[in-house]
> 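After the structure tokens below, expect a handful of questions from me.
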Amino acid sequence: MTKLIFCDFETNEGAVDRQLTDVWCLGYKLQGAPPQVVTDNIKDVLQSFIDDGYVPVFHNAAFDLWVAESIGVQNIKAFHDTMLIHYLVAPTESHSLASLGEVLGYPKLTSSSFNDGYTEQMGTYCKRDVEITEAAFNEYYKLLSSIKPLQSLYFSVELPFIRCIIDMEVRGVHVDKERWFDVLKGLEAEQLELLDDPLLKSVPPQLGRKSKTKRMRPDEQVSTDPEIGKWCLVEHGEEYKWAMWEPFNPASSQQVGNVLGLDKSDSDTLEECGNPLASIILKYRKVTKMLSTYGESLLKQTHADDRLHGSYNQTVTRTGRLSSSKPNLQNIPSRGDIGGVIRSLFIAPPGRKLVSIDLDQFQLRIYSWYLHNMVDTGEFPDADALWLDFNNNPNADPHQAKADVLGIPRGVAKTLNFAVLFGASPAKAAVTAGTTVEEMKGFFETQDSLFPSGKVLRDTIIKAVRSNRGVLFDLYGRRGWYPEVNESDWGLKGRAERQAFNFIIQATEATIVKMIIIEARQRLLGKADLIMTVHDEITFECDLDKAESVRVILDDVVNNTPWLPGLKVTGTATIGDNWHDVH
DNA sequence: TTTGCGCGCGCG
DNA sequence: AAAGCGCGCGCGCAAA
């Protein structure tokens, strides 16, 4: 029987940004014993338990395990994570310790922030947290163990992956601050230029925020003439409110919609409306997004080591993918000229190189695998077409292949392929691909007649999830929960069906990518540091002289490992000085 | 001034 | 007949 010790650290708040300055206390609890809290010799206390064979149980080990090892605790070979366990058994619920506490009979204590050293109250909190951790482990580990594939997913993928997360968060990614400032300057100039556009400046003033508390001063006057600075009484639902005329703000989606006479003001709508003002606004939006979200904000979040240390969240998505936050390093611009410029600011420091690999068409490969394995290829021979292409043709290009068969441009075929994975309508696909809806309807029909197995697979999955009360499993036992597939409301039902179908593909993708990252990191320990991943892309950083051997190993891990029988996984590892160059 | 939400948009 | 999967963040807006 494994001896368990339930643990929780209280630290300075900055620790979430990987700047551990103070560890206030360690709360711990042995099974059948009351919770304890220690403030002195924390490292030695925990180390003695580890040396004694105790296995620590954390809630969010990516943090607490890192704290433990940062203060010098060694030889933590095995550990558990109740947050991860709860994520696997109840993926759609909240996994915070507080919510688990509520469910398990430990109501919330009144909150306060701990950032000024140890207090009695902190100790009380900490002890309570380890009690909840134990209760959660007792409750959910049993459940996990009763579902064998899920248990195996936990032990062989999710738990080991924590090491990868700690590496990426602690290492972070180096950025070129100097050049970043130059890029910012350029963007600012562009923004000013756009604001100076005569067409934009000719837009009349718009009504600003509405207030019901506004009282008129004697020297003010109500005016319905759009004159900047004048107040106006406007209808607001059932009542009237005061509003002031303000200069047109192209950053306000509401104002843009009003000015252009559109219900929505997203880029598709603006492009379609054909108004020259709309194209100025689109340019303004683009440069503003780059400036605020990816310019100033990212620069501000760069640490003293000139690196961005984002968080990778393992218990957020419904599909088993990671999410990234503070900052989100998974939505850094990459497309177009400006995308290339931004990504080129993510660099290898002097004497180092980036080595990165992208998995080719991974979701389509998994889709083809499901077609091959779940559809009767005797009855529907087309079910093997995509799969055979991927397995026999090293340079398979499924978008071009579909384009050739349907006699359409590659871009349109690409949209069609994504429409299959996501369940898009012809109308939506038409907007994306820039065709008419009628044309796209025709393409859908041709596609369905040439590749009928697609619908067969979809129907098989939907039928299974319906009869299983909305629960489904991907290849590795990850649970998806979409009870709305049995709703009568066609909107809810339709969405749930699309989500459920996409789940088996995206979840399988996510798990295999995690396995690849675990293996690659393991093979490259001491040679290269895992620094980033963006869903189907893995990036390491290493010393200059090791780059070529790192590239060879990374390439080998991806291309020459039988990740899933019948699934051909490919990618090309690339060496470069910045994130733009390695793609 | 702070908080919460919807919109729009960046990525795979 | 109608239907885009999975995320996080900055902004505008309105209420607290």
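The figures here come from the full heavy-atom set of this structure, side chains too, leaving out hydrogens, waters and symmetry mates. Just so it is clear, the model here is predicted, and its values are computed rather than measured.
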> Protein-nucleotides 4-6 of chain B N/O pairs closer than 3.5 Å?
none

> Assess whether a salt bridge exists between A/R478 and A/E158, defined as any Lys/Arg side-chain N lying under 4.0 Å from an Asp/Glu carboxylate O.
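Salt bridge: yes.
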> A/Y476 ring centre to A/K514 NZ or CZ under 6.0 Å, with the angle to the axis within 45°?
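No cation-pi geometry.
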> Write out all pairs satisfying ring pair (Phe, Tyr, Trp, His ring centres under 6.0 Å) with one or both partners inside residues 419-441 of chain A, taking only residues at least two apart or from two chains.
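Passing the test, one end in residues 419-441 of chain A: A/F418-A/F422.
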> Going by side-chain hydrogen bond (donor to acceptor under 3.5 Å, both in side chains), name the residues that satisfy it together with A/R410, two or more places apart in sequence or in a different chain.
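Residues passing side-chain hydrogen bond (donor to acceptor under 3.5 Å, both in side chains) with A/R410: A/D397.
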> Can you sort out the partners of A/R171 under salt bridge (charged side-chain N to carboxylate O under 4.0 Å, His left out), two or more places apart, ordered by chain and number?
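A/R171 satisfies salt bridge (charged side-chain N to carboxylate O under 4.0 Å, His left out) with A/D529 once adjacent residues are dropped.
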> Take atom CE of A/M290 and atom P of B/dC11, then tell me their distance rounded to the nearest Å.
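Taking CE of A/M290 and P of B/dC11, I get 6 Å after rounding.
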> What dot-bracket string describes DNA chain B from 5' to 3', counting Watson-Crick and G-U wobble pairs whose defining distances are under 3.5 Å, with [ ] for crossing pairs and | for pairs to another strand?
||||||||||||
> Please give the distance between the P atoms of C/dG4 and B/dG8 as a whole number of Å.
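Between the two P atoms, the distance is 15 Å.
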> Scan for salt bridge (charged side-chain N to carboxylate O under 4.0 Å, His left out) pairs involving residues 428-446 of chain A, sequence neighbours excluded, and state none if there are none.
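Found A/E438-A/K441.
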> If you draw a 6.0 Å radius around CH2 in A/W369, do more than 12 non-hydrogen atoms from other residues or ligands fall strictly inside?
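It does: A/W369 CH2 has more than 12 such atoms within range.
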> Starting at atom CZ of A/F422, determine the distance to atom P of C/dG4, rounded to an integer number of angstrom.
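A/F422 atom CZ is separated from C/dG4 atom P by 12 Å.
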